[in-house]
Amino acid sequence: MSEELFRMEGISKSFPGVKALDKVSLKVNKGEVLGLVGENGAGKSTLMKILSGVYRADEGEIFIEGKKVVIDSVAKAHELGISIIMQELNMCGHLSVADNIFIGRAHKKGLLIDDRQMHREARKILDDLGIRLSTYDRVGSLSVAKQQMVEIAKAISFNSGILVLDEPTATLTEREIDQLFGIINRLKEKGVGMVYISHRMAELSRICERVTVIRDGQYIGTRNLEDITMDELVSMIVGRSLEDKYPKYKRNIGEVVLEARNVRRGTKVNADYFCVRKGEILGIAGLVGAGRTELMRCIFGADKPDSMELWIDGKPVRIKSVIQAIRHGIGYATEDRKRDGLALGLDVKYNTNMAHLAELSRMGFINDKAGAENAEKYVKLLRTKTPGIHQLCRNLSGGNQQKVVLAKWLCNDVKVLIVDEPTRGIDVGAKFEVYELFNKLSEQGVAIIMISSELPEILGMSDRILVIHQGEINGELDAKTATQEQILYLAAGYNRLEGKVQQKGAV
């Protein structure tokens, strides 16, 4: 019989214009990883922020090992052994690993910091978790995966028995995910109870035994993963069955819109030639760090290439800045929507119109009414869940933030839309809506270049696939006949020649 570690009962929370949670409950046992799933905006992060002291619940109770507790601050949560690792890591990049683990709690000898003792204790925590890092490494020089491990070490330094992981694998490679799961299994053995928030359905069965589903702020149910299929789980999450993950659509592909030759930038980009046609979705696949994003940043004018020849609608163009790219009808929905795609402190209306201001202006003055009408139009078109166009973008869920990013480019009448990891961190229901939107855009003749690390997405949505390896286009595949294995071979630097697998560059 599993021993209960903590439970939340009847938790409700409202924000202006939104009831985020309505009597939601969950329970976690000692040494258990409980999956917490739901669409973007379902209330998952709000519930966990209540547990970790960021928000106060309007009603409901929390019990730890059977004892009722009041969590009214982050400090109180730490005192009770509760830590949360958010999707956006909160690290001081200029400080060492040890400094970050004990930030605000530095060991002292009298009035002086006992640096040696702090590094000794940090080393002990890292060794205990099987994390191979120097405590003297500057955190800003580490990969996202290693920074995440430092965050976990920091949480454990508070003697946390309860750990919340919010989308911990969103930016990790498969190898890094395996390392993270190894650390999670060590924590399970120590009796730590964890809540694991994720949109990646395949991960849940690897690391969780049970999963709790919430939808529109309400508790839907908890199931043992061995007793439920993934289709049934998806149906619980979205409230309907998704007959197919990728909406069926027959595209009418037209003439070439954009051609690129001899795109070079240092050692990161070395692309000889590619093109994309009207109404086509061109998938860009490759391993993390292969140069996919770097190539597209050159096309968009965000990075200066060493050389590049571009044609749009058959005419040669020179793009030396983002403004020039926009004027030529190119849009770019970036991989990091929070940092590069949105002004989080501004509202939906402003973010929708920010690349469209010239069209909304007369004699230097912005037509505010036309801007509001434009924003309302795209909220309705994309079914963005928001109390209104004046809602700050930081208060929207990840999926709805992504819709605002797409709206920004759609209202600019783009010819070519580059989308970088378009469904990262958004739920299965929102993904389906994004895919349907891409199909509508292709019907209107928009050419879409889609960078994605999810191979099923690349295969399910693309017409052609380019595979990038070390900055070069290592192969082109027809999506109708391509397989994941073929993409992985090309991504790893191999070519299939004369029935054999040959590594690129091999003699």
Side-chain angles (χ1 to χ4, degrees), residues 1-11 21-40 42-48 50-52 60-66 82 84-85 152 160-170 174 177-178 180-243 245 425-432 456:
M1 184 75 178
S2 299
E3 186 179 353
E4 180 185 294
L5 177 59
F6 78 93
R7 72 180 187 274
M8 305 175 78
E9 289 186 352
I11 303 294
L21 295 170
D22 185 14
K23 294 182 170 52
V24 175
S25 301
L26 64 75
K27 183 187 82 166
V28 174
N29 298 317
K30 289 184 178 179
E32 178 188 28
V33 182
L34 175 76
L36 178 60
V37 297
E39 292 189 273
N40 288 107
K44 307 181 298 294
S45 294
T46 300
L47 184 65
M48 291 301 100
I50 289 170
L51 177 66
S52 57
E61 298 175 319
I62 301 174
F63 298 85
I64 297 178
E65 295 186 350
I82 302 167
I84 183 168
I85 297 171
I152 293 173
S160 299
I162 299 169
L163 187 61
V164 178
L165 297 136
D166 191 353
E167 291 288 347
T169 62
E174 285 301 317
I177 290 170
D178 289 340
L180 175 65
F181 284 0
I183 293 168
I184 289 173
N185 285 326
R186 281 189 178 89
L187 293 172
K188 285 171 68 174
E189 291 168 4
K190 295 175 185 296
V192 175
M194 286 163 276
V195 178
Y196 187 91
I197 301 174
S198 181
H199 292 306
R200 296 184 171 186
M201 299 291 103
E203 287 180 3
L204 297 174
S205 57
R206 284 183 62 190
I207 203 70
C208 308
E209 292 180 1
R210 297 188 304 135
V211 62
T212 290
V213 179
I214 58 177
R215 187 196 319 138
D216 296 329
Q218 297 185 320
Y219 174 78
I220 300 302
T222 299
R223 299 284 188 275
N224 291 323
L225 279 167
E226 63 181 16
D227 298 332
I228 188 171
T229 67
M230 281 299 139
D231 286 345
E232 289 169 335
L233 182 57
V234 167
S235 182
M236 286 178 70
I237 291 169
V238 300
R240 63 188 187 279
S241 63
L242 294 180
E243 297 301 325
K245 289 182 181 178
I426 68 176
D427 60 78
V428 287
K431 281 184 180 183
F432 195 82

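Sequence positions, counted from 1, serve as the residue numbers for this chain. Bear in mind that the values here come from a model prediction, so they are computed numbers and not experimental data.
Considering only heavy atoms from C-beta on, Leu180 comes within 4.5 Å of Ile152 through its side chain. Taking 4.5 Å as the limit, every side-chain heavy atom of Asp166 sits out of range of all side-chain heavy atoms of Met48. Using a 4.5 Å heavy-atom cutoff, the side chains of Ile207 and Asn185 are in contact. Counting heavy atoms from C-beta outward, Leu233 and Arg223 have side chains that stay 4.5 Å or more apart. Looking at heavy atoms from C-beta onward, Ile50 lies in side-chain contact with Leu21 at the 4.5 angstrom threshold. Using a 4.5 Å heavy-atom threshold, the side chains of Phe6 and Leu51 count as touching. In this structure, the side chains of Val211 and Tyr196 stay at 4.5 Å or more apart for every pair of heavy atoms. Looking at heavy atoms from C-beta onward, Val195 lies out of side-chain contact with Leu47 at the 4.5 angstrom threshold.
When each of Val28, Leu5, Asn29 is checked for a side chain to side chain contact (heavy atoms under 4.5 Å, CB included) with Leu34, only Val28 meets the rule.
When all heavy atoms are compared, the tightest approach of Arg210 to Asn224 is CG-OD1, 3.1 Å. Summarising the geometry of Ser160 relative to Ile82, their closest heavy-atom pair is OG-C, 4.2 Å, with the distance given to 0.1 Å. Of all heavy-atom pairs between Gly35 and Cys208, the closest is N-SG, 3.6 Å. For the residue pair Tyr219 and Val24, the shortest heavy atom distance occurs at N-CG2, 3.9 Å. For Gly10 against Ser25, the heavy-atom pair with the smallest separation is N-OG, 3.0 Å. Contact between Leu36 and Lys44 at its shortest, heavy atoms only, is O-CD, 3.7 Å.
Annotation: side-chain hydrogen bond (donor to acceptor under 3.5 Å, both in side chains) contacts of Asp178 (sequence neighbours excluded): Arg206. Glu232 is linked by a salt bridge (charged side-chain N to carboxylate O under 4.0 Å, His left out) to nothing, counting only residues two or more places apart in sequence or in another chain. For Lys27, there are no side-chain hydrogen bond (donor to acceptor under 3.5 Å, both in side chains) partners, not counting sequence neighbours. Annotation: salt bridge (charged side-chain N to carboxylate O under 4.0 Å, His left out) contacts of Glu209 (sequence neighbours excluded): none. Listed by chain and residue number, nothing satisfies the salt bridge (charged side-chain N to carboxylate O under 4.0 Å, His left out) test with Lys188 (two or more places apart in sequence, or in another chain). Checked against salt bridge (charged side-chain N to carboxylate O under 4.0 Å, His left out), Arg7 has the following partners two or more places apart in sequence or in another chain: Glu4, Glu9.
One distance of note links CD1 of Ile62 with CD1 of Ile64; it measures 7.5 Å at 0.5 Å rounding. In this structure, CG in Asp22 is found 12.0 Å from CD1 in Ile11, a value given to the nearest 0.5 Å. For the atom pair Thr222 OG1 and Ile228 CD1, the distance stands at 10.5 Å (nearest 0.5 Å). Going from atom CD1 of Ile162 over to atom CE of Met194 covers 11.5 Å, rounded to the nearest 0.5 Å. A distance of 5.5 Å separates OG in Ser198 from CG in Leu204, rounded to the nearest 0.5 Å. Rounding to the nearest 0.5 Å places CD1 of Ile220 at 11.0 Å from OG1 of Thr212.
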Margin query: Working note: Glu65 + Glu3, criterion side chain to side chain contact (heavy atoms under 4.5 Å, CB included); need CA distance, chi angles, decisive distance, verdict.
Written below: CA-CA 9 Å; Glu65 295 186 350; Glu3 186 179 353; 5.7 Å; no
